[in-house]
Chemist: 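Sharing a structure here in structure tokens format.
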Amino acid sequence: MTHTRTRADLHKVAEACHGAVWESDDQCSALCPSHEDTSPSLRIGVGDDGRVTVYCHAGCDYGDIRAALVRRGIRTETLRPAAAQTRRKQKRSVPKKKRRRQPKAKPLPYDDDVAKWHTHLRRSEQLGPARNYLRTLRGLSTSTILRYEIGHRYGRYVIPVRDAEGLLVNVRKYDPEATSDKMTSWPGHGGSVLYPLEALTEADLSEAVLLCEGEWDALLAGQYGLVAVTGTGGASAPPSDLDALRDRRVYIAYDCDDAGRSGAHKVAALLNEVAKEVFVVDLGLGLGEDITDWFVTHEKTADDLLALMAAAEPWIEEDEDEGELFVTLADLEETRLRWLWAGRIPAGKLTMLEGDPGLGKSMLWAKLVAHITTGEPLPGDGEVHDPADVLVVCAEDDLHDTIAPRLRAAGADLRRVHSVTLARDDKGHLIPLSIPEDLPRLRKAIVTARASLIVFDPVIAYLSETINSGNDASVRRALTPLAEIAQTTGAAVVMIRHLNKQGDLKALYRGGGSIAFIGAARSGLVVDRHPEQEGVVVLAQTKSNLARGVPALAYSVDSWAEDPTIPVVTWGDELNITAEQLLHKPDGRTDAPTRDAAVTFLRELLADGPVAAKEVQKAAREAGIAWRTVERAKERAVARTRAAHSDTGVIKGWEWFIPRLHIVREDDE
């Protein structure tokens with residue numbers, strides 16, 4: 001007698017294989033998942049040990065069958081090879097070397113087949129999860145699925161690719177469970193062409209074209225009203241029919257990874273001879289993210305993407321004949337490294353100063369400005385410096401009632417302190433300084449003022465909207481030209497940044513945002529309270545690329561004698577304490593009571609099913625939980641977001657949910 005648990009496993013395997021034909025309660029045949037099976041050739045049964053047995057009559061290896069089933073969600077411990085499979089293996093006295101078979105060219109399917117697969121996806125009750133995947137994780141509407149004849153065949157989505165005359169030239173097959181090569185072509189038809197071609201034929205020549213990296217991305221961008229196409233060969237294979245983009249403005253927005261960047265420049269070089277204008281757009285997302293993540297994961301809009309495209313510079317191919325290919329170091333004139341503060345702040349370089357709020361970082365740089373503008377020696381610095389000018393760019397404090405009084409209390413010569421003037425919009429509102437867009441203006445200000453120091457407090461407040469502070473490539477796109485300005489002008493740049501909550505990380509990784517911030521800096525400084533001495537703050541070094549490290553330095557934030565409401569920094573002694581000893585604390589993200597309360601709130605709210613995003617926000621307000629705290633608790637609560645569709649398939653909003661396998665109730669913990 002077959003146990004209930006075994007019977008459940010048996011049915012799960014049969015459903016994963018598709019096309020099951022039952023011969024008895026504990027035995028059936030189904031389509032083999034490890035090869036292109038057209039008729040049920042996989043025998044599925046129950047062994048003496050209660051596990052599910054599988055055997056392919058077409059000769060597939062058990063290991064290949066098991067791997068394919070695991071990709072479809074089957075646990076390995078429920079499977080074992082059938083006796084016939086074991087006997088077949090035992091007959092081999094010498095193991096055969098497994099050869100990688102080259103896919104043989106197969107005739108393309110007929111339009112009737114495409115229609116059958118499309119109807120199967122639309123109407124089969126068994127493919128409800130497959131339709132849900134396209135609508136939620138891929139964001140595709142029912143109308144898009146209908147228009148482009150997306151279908152389902154043997155566990156894979158199929159996307160028919162047609163030429164300008166509507167003739168089938170390829171069928172792209174997508175397996176979301178595959179670990180690699182998820183999107184493949186019909187055997188023997190792997191040439192890269194533009195898809196969907198009708199997006200071009202239906203659009204006016206004056207309209208901009210978005211060239212994406214994948215089929216799903218192109219379809220989703222088209223759904224949002226953009227003229228979008230992709231190449232069916234991926235990032236590494238430019239489409240062979242790029243002439244279809246002749247005399248058009250083409251914006252290339254490939255995936256945010258090395259392959260995407262390399263492929264974007266490869267196809268840009270080819271389009272430079274064809275298109276009217278070519279632009280390479282950096283989406284500024286996380287590693288490996290794409291257009292689908294832009295719309296679905298990050299919930300950005302088409303207007304956001306159009307604004308990013310409008311800000312892109314025309315792509316210009318580097319002429320290998322212009323300029324020297326290299327320089328010989330023996331021909332260079334060596335220069336002496338200069339320091340604004342010996343061992344801590346190099347001249348002409350970027351320095352990062354990090355710390356939590358309330359530790360006097362603003363008063364610290366005010367004290368630094370006082371030393372620079374008066375020529376008074378800094379602690380531990382044996383060199384004598386002439387008084388110099390300083391530029392301050394501060395977003396968090398007012399120049400009139402906060403910054404100027406603090407600098408005066410610190411002893412700065414205010415005649416040598418300058419702030420970059422800001423432009424105003426049509427309504428008279430100040431337009432913030434933006435990096436990298438306003439760097440030419442900043443360079444002019446540095447040269448005109450002859451500034452030796454520029455302070456950004458905090459630096460993240462001045463990054464352009466096109467810069468993602470959590471993305472390495474995006475941050476370097478902003479800081480690389482800033483470093484070049486520092487080097488050519490000789491001015492030291494000090495950037496202020498807050499710390500993250502991950503107290504268990506090394507000091508070098510404690511800064512908020514991307515690691516590229518500290519990576520671009522040549523010196524890194526951090527402040528925190530002394531672990532033992534009350535009222536003492538410590539300035540320690542996290543990074544020193546240009547010299548040996550210097551000792552930590554103590555300071556305190558006291559009241560100015562002339563006005564007790566104004567804080568000033570008083571230097572203390574050098575300390576034998578490292579940045580690691582100073583910063584190591586428990587992880588504030590997991591230990592915070594408010595975060596735990598937010599996790600419990602989400603689990604209870606979503607326990608009975610999906611809830612509209614607006615309702616989640618409303619419930620959080622009523623519970624007195626900050627929305628930012630709820631968003632941070634989302635991962636620990638295993639909550640997800642997805643698009644909510646109307647009965648006609650149109651996206652009507654977003655909803656939060658917890659996958660059924662991860663729902664945790666308080667009485668279960």
Side-chain angles (χ1 to χ4, degrees), residues 16-19 31-38 41-42 56 58 60-61 63-73 98-111 113-114 116-118 120-121 127 130 133-134 137-138 140 145 148-163 167-197 211-220 229-241 254-255 257 259-260 262-263 267 288 290-292:
C17 292
H18 309 309
L31 299 175
C32 179
S34 67
H35 77 280
E36 289 286 343
D37 203 358
T38 56
S41 61
L42 185 74
C56 181
C60 290
D61 184 75
D64 294 336
I65 300 171
R66 181 181 60 186
L69 288 173
V70 168
R71 289 198 298 270
R72 297 185 182 185
K98 188 175 180 180
R99 296 180 180 178
R100 183 180 181 86
R101 294 183 179 181
Q102 297 298 325
K104 295 181 180 180
K106 294 176 60 177
L108 285 167
Y110 295 105
D111 286 340
D113 296 318
V114 172
K116 179 181 67 175
W117 301 330
H118 175 57
H120 184 52
L121 174 64
L127 293 181
Y133 169 84
L134 292 180
L137 297 185
R138 289 296 171 182
L140 299 181
I145 296 172
Y148 294 102
E149 309 170 279
I150 299 173
H152 202 270
R153 174 180 181 269
Y154 304 146
R156 297 177 178 86
Y157 297 93
V158 290
I159 306 173
V161 181
R162 300 183 182 277
D163 61 15
L167 298 177
L168 201 64
V169 295
N170 193 0
V171 173
R172 296 284 279 169
K173 300 175 295 181
Y174 181 78
D175 184 357
E177 304 297 333
T179 55
S180 62
D181 297 331
K182 291 187 174 185
M183 185 74 80
T184 56
S185 291
W186 196 262
H189 301 270
S192 181
V193 295
L194 291 172
Y195 170 84
L197 207 55
L211 180 58
C212 311
E213 186 174 329
E215 287 83 354
W216 300 129
D217 291 350
L219 294 181
L220 184 58
V229 293
T230 187
T232 57
S236 61
S240 59
D241 53 349
Y254 278 9
D255 296 358
D257 52 28
S262 175
V267 76
D290 53 23
I291 290 291
T292 297

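The first residue of the sequence shown is numbered 1, and numbering continues consecutively from there.
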Chemist: Side-chain contact, heavy-atom cut-off 4.5 Å: Tyr254 with Val267?
Modeler: yes

Chemist: Which of these, Asp61, Asp64, Ile65, sits in a side-chain contact (heavy atoms from CB on, under 4.5 Å) with Cys56?
Modeler: Ile65

Chemist: Evaluate Lys173 against Val158 for side-chain contact (heavy atoms from CB on, under 4.5 Å), listing each step before the verdict.
Modeler: CA-CA 5 Å; Lys173 300 175 295 181; Val158 290; 4.1 Å; yes

Chemist: Can you check whether Tyr195's main-chain N or O pairs, donor with acceptor, with Thr230's side chain at less than 3.5 Å?
Modeler: no

Chemist: Keeping Trp186 on the side-chain end and Pro107 on the backbone end, is there a donor-acceptor pair under 3.5 Å?
Modeler: yes

Chemist: Without swapping roles, check the side chain of Asp290 against the backbone of Thr292 for a donor-acceptor pair under 3.5 Å.
Modeler: yes

Chemist: Got a second to check how far Glu215's CD is from Tyr148's OH, nearest 0.5 Å?
Modeler: 12.5 Å

Chemist: Do Arg162 and Leu168 come close enough that some side-chain heavy atom pair is under 4.5 Å?
Modeler: yes

Chemist: Before giving the answer on side-chain contact (heavy atoms from CB on, under 4.5 Å), spell out for Ile159 and Trp216 the whole-Å C-alpha distance, their side-chain angles and the decisive distance to 0.1 Å.
Modeler: CA-CA 10 Å; Ile159 306 173; Trp216 300 129; 3.7 Å; yes

Chemist: Taking atom types as modelled, is there a side-chain donor on Tyr157 or Arg138 under 3.5 Å from an acceptor on the other?
Modeler: no

Chemist: Rounded to the nearest 0.5 Å, how far apart are CG of Leu69 and CG of Leu42?
Modeler: 7.0 Å

Chemist: Does the Ser192 side chain pair with the main chain of Ala237, one donor and one acceptor, at a distance under 3.5 Å?
Modeler: yes

Chemist: So do Leu134 and Leu121 actually touch side chain to side chain, heavy atoms under 4.5 Å?
Modeler: yes

Chemist: Please round to the nearest 0.5 Å and tell me the distance separating atom CH2 of Trp117 and atom CZ of Arg156.
Modeler: 12.0 Å

Chemist: What distance separates Ile145 CD1 from Leu219 CG, expressed to the nearest 0.5 Å?
Modeler: 10.0 Å

Chemist: Is the side chain of Asn170 donor-acceptor paired with the backbone N or O of His189 at a distance under 3.5 Å, no angle test?
Modeler: yes

Chemist: Output, in order, the C-alpha distance, side-chain angles, deciding distance and verdict of side-chain contact (heavy atoms from CB on, under 4.5 Å) for Ile150 and Leu140.
Modeler: CA-CA 11 Å; Ile150 299 173; Leu140 299 181; 4.1 Å; yes

Chemist: Do you see a donor-acceptor pair shorter than 3.5 Å between the side chains of Arg172 and Thr184?
Modeler: no

